[in-house]
Amino acid sequence: MVRQKIVVMPSASQEMNIPDDEERLKPHPHDHRPFRVLLVAGSQRRLNSCPGLDSKARALMHRMAARMPLGWQVDLEDLGNEHGRPKIQACNGCVSSSMALCVWPCNCYGPDSDHQPDLLWNLHLYERLARSDAWAFIGPINWYGPTTSFKLLFDRLVCMNGGNPRPDLIEKKNTLMAQALERSPQWRDLSRNHLEGRTAAFFCYSDLGAKDLGPDGRPKLLKHKEWFEPGDEPYRNEREAYQALVWQCRYSGIEVPDCLWQCATIGVDRLYSDDQADSLIQEGSALATFDAWVDRFCAHVEQKGLIGDVLDAERRARSTTQ
């Protein structure tokens with residue numbers, strides 16, 4: 001029988017010089033810097049590709065950027081699809097085999113791969129998330145849930161919650177070694193919430209079925225309307241369509257205040273053709289709701305202050321996969 005052996009190493013804090021959580025999150029003397037925020041548009045639509053029309057999420061992202069305080073460093077990203085552009089690769093569920101097999105940052109993929117190109121790595125999103133004090137995610141509700149882009153992103157962010165920062169201890173991806181490491185006392189020093197302390201904000205929007213619904217609240221195309229009960233729809237508050245992303249952040253030590261988790265209705269009772277980014281100017285109530293959400297985001301981030309030691313966090317978020 002082949003025995004797997006865990007090499008006894010110095011504790012993670014000794015080996016990697018990791019401060020404890022309270023110390024790690026304090027602003028350091030070198031943190032006299034501007035606030036850094038990452039704004040992400042999560043619609044699949046893209047102007048330069050099919051369907052050839054830009055998304056409302058992208059328009060709102062730029063509107064938000066224009067409202068940021070002077071002097072803040074504002075990082076923008078659009079996760080929309082584009083022909084020939086890599087997509088965010090799917091999570092392989094390593095954590096279900098062992099928490100220690102789920103490496104921080106994800107080493108199932110790497111940057112600039114010619115056989116498994118991965119947009120998340122190619123955009124350096126792990127590093128950009130790590131260097132930011134706060135994040136804002138803007139996207140539509142698609143079939144009672146977040147967009148595919150956001151779901152893929154957050155599936156791949158499972159490693160920020162307790163992921164293994166030492167892939168060398170498991171020979172990169174040895175499952176039996178990872179399971180043994182997870183059972184060892186050493187694991188208590190290794191596992192942590194790697195992006196703890198940051199703030200995340202979510203703004204989603206819904207058309208409530210647009211022109212597809214009839215006066216009875218049922219889809220017009222249904223032949224057997226008795227099989228559909230509008231009262232059984234899953235959400236009383238449409239923002240709950242993004243609840244999985246919100247709770248993943250909270251579970252990972254990332255603050256999502258209720259006041260920064262917002263939904264607005266856009267395009268209600270319109271044809272989809274008449275509900276485009278250039279139609280937003282007609283959505284006065286939704287835009288007012290959005291602007292108020294942005295202002296609350298800025299006020300909360302400023303009041304909370306800088307996240308400590310982001311330079312070290314950014315360094316630790318770089319790929320170990322070549």
Side-chain angles (χ1 to χ4, degrees), residues 39-64 78-83 85 87-88 90 136-155 201-248 258 260-294:
L39 315 184
V40 185
S43 173
Q44 282 92 236
R45 295 200 296 160
R46 197 63 178 256
L47 180 62
N48 299 327
S49 191
C50 179
L53 289 173
D54 222 346
S55 68
K56 291 184 285 293
R58 181 179 175 85
L60 291 171
M61 177 184 70
H62 284 285
R63 183 181 180 94
M64 183 174 190
D78 180 4
L79 298 181
N81 291 334
E82 191 167 339
H83 181 71
R85 186 192 198 200
K87 306 296 189 291
I88 297 176
F137 300 97
I138 304 166
I141 295 173
N142 288 351
W143 284 114
Y144 300 95
T147 65
T148 304
S149 302
F150 275 157
K151 187 64 170 66
L152 286 167
L153 172 63
F154 278 87
D155 278 356
F202 293 85
F203 186 90
C204 54
Y205 48 91
S206 167
D207 58 22
L208 301 179
K211 276 288 190 180
D212 284 351
L213 297 184
D216 59 356
R218 292 176 170 85
K220 295 175 181 177
L221 292 177
L222 281 182
K223 292 183 178 179
H224 296 279
K225 294 186 182 294
E226 69 276 10
W227 295 353
F228 184 98
E229 179 49 60
D232 291 339
E233 287 193 334
Y235 306 126
R236 296 296 168 262
N237 186 334
E238 291 291 309
R239 76 171 192 169
E240 292 176 13
Y242 273 49
Q243 64 183 338
L245 312 187
V246 169
W247 283 101
Q248 182 179 345
D258 268 354
L260 299 185
W261 179 13
Q262 183 74 54
C263 183
T265 54
I266 297 176
V268 178
D269 291 330
R270 289 187 190 171
L271 294 171
Y272 295 121
S273 306
D274 298 329
D275 179 25
Q276 303 303 318
D278 59 2
S279 309
L280 281 172
I281 194 65
Q282 304 170 37
E283 300 282 356
S285 176
L287 290 178
T289 298
F290 179 78
D291 290 345
W293 172 79
V294 173

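Computed from a predicted structure; not experimentally measured.
With ring centers used as reference points, F154 lies under 6.0 Å from F137. Centroid-to-centroid, the aromatic rings of F203 and W293 come within less than 6.0 Å.
Other residues, nucleotides and ligands contribute over 12 non-hydrogen atoms within 6.0 Å of the NZ atom of K225. More than 12 non-hydrogen atoms from other residues, nucleotides or ligands lie less than 6.0 angstrom from CG of L271.
Between S206 and L208, the closest heavy-atom pair is OG-N, 3.0 Å. Nearest approach of A210 to Y272, heavy atoms of both residues: CB-CE2, 3.6 Å. When all heavy atoms of D278 and I281 are compared, the closest pair comes out as O-CG2, 3.8 Å. Contact detail for G267 and E283: the closest heavy-atom pair is N-OE2, 2.9 Å. Minimum heavy-atom separation, T147 to S43: CG2-CA, 4.4 Å.
Taken from OH in Y235 to CD1 in I141, the straight-line distance is 8.0 Å, to the nearest 0.5 Å. Distance CG/L280 to CG/L60: 5.5 Å, rounded to 0.5 Å. Rounding to the nearest 0.5 Å places CG of L153 at 8.5 Å from CD of Q248. To the nearest 0.5 angstrom, D274 atom CG is 12.0 Å from D269 atom CG. Between the CG atom in L79 and the OG atom in S149 there is a gap of 5.5 Å [rounded to 0.5 Å].
Y205 places a side-chain N or O within donor-acceptor distance of the main-chain N or O of A57, the cut-off being under 3.5 Å. The closest donor-acceptor contact from the side chain of Q44 to the backbone of T148 lies under 3.5 Å. Looking only at distances, a side-chain donor or acceptor of Y242 sits under 3.5 Å from a matching main-chain atom of P140. No donor-acceptor distance shorter than 3.5 angstrom exists from the side chain of T289 to the backbone of A264, with no hydrogens or angles considered. Side-chain N or O atoms of R85 include one that pairs as donor or acceptor with a backbone N or O of G80 at under 3.5 Å.
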Verdict with reasoning, R63 to D291, per side-chain contact (heavy atoms from CB on, under 4.5 Å): CA-CA 9 Å; R63 183 181 180 94; D291 290 345; 2.8 Å; yes
Stepwise side-chain contact (heavy atoms from CB on, under 4.5 Å) test for N81 and K87: CA-CA 7 Å; N81 291 334; K87 306 296 189 291; 3.5 Å; yes
From CA spacing to verdict: side-chain contact (heavy atoms from CB on, under 4.5 Å), I138, L39: CA-CA 8 Å; I138 304 166; L39 315 184; 5.6 Å; no
Stepwise side-chain contact (heavy atoms from CB on, under 4.5 Å) check, K220 with L213: CA-CA 5 Å; K220 295 175 181 177; L213 297 184; 5.9 Å; no
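No side-chain heavy atom of P219 sits under 4.5 Å from any side-chain heavy atom of D212.
There is a side-chain donor-acceptor pair under 3.5 Å between R270 and Q282.
Look at K56 and D275 and you find a salt bridge, because one of the NZ, NE, NH1 or NH2 atoms lies within 4.0 Å of a carboxylate O, short of that distance.
Here salt bridge (Lys or Arg N to Asp or Glu O under 4.0 Å) pairs that include residues 234-248, with residues two or more places apart or in two chains, are R239-D258.
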Donor-acceptor pairs under 3.5 angstrom involving side-chain atoms of residues 226-234: please list them, not counting sequence neighbours.
residue	atom	partner	partner atom	Å
E226	OE2	H224	ND1	3.4
E229	OE2	G231	N	3.3
E233	OE2	Y144	OH	2.9

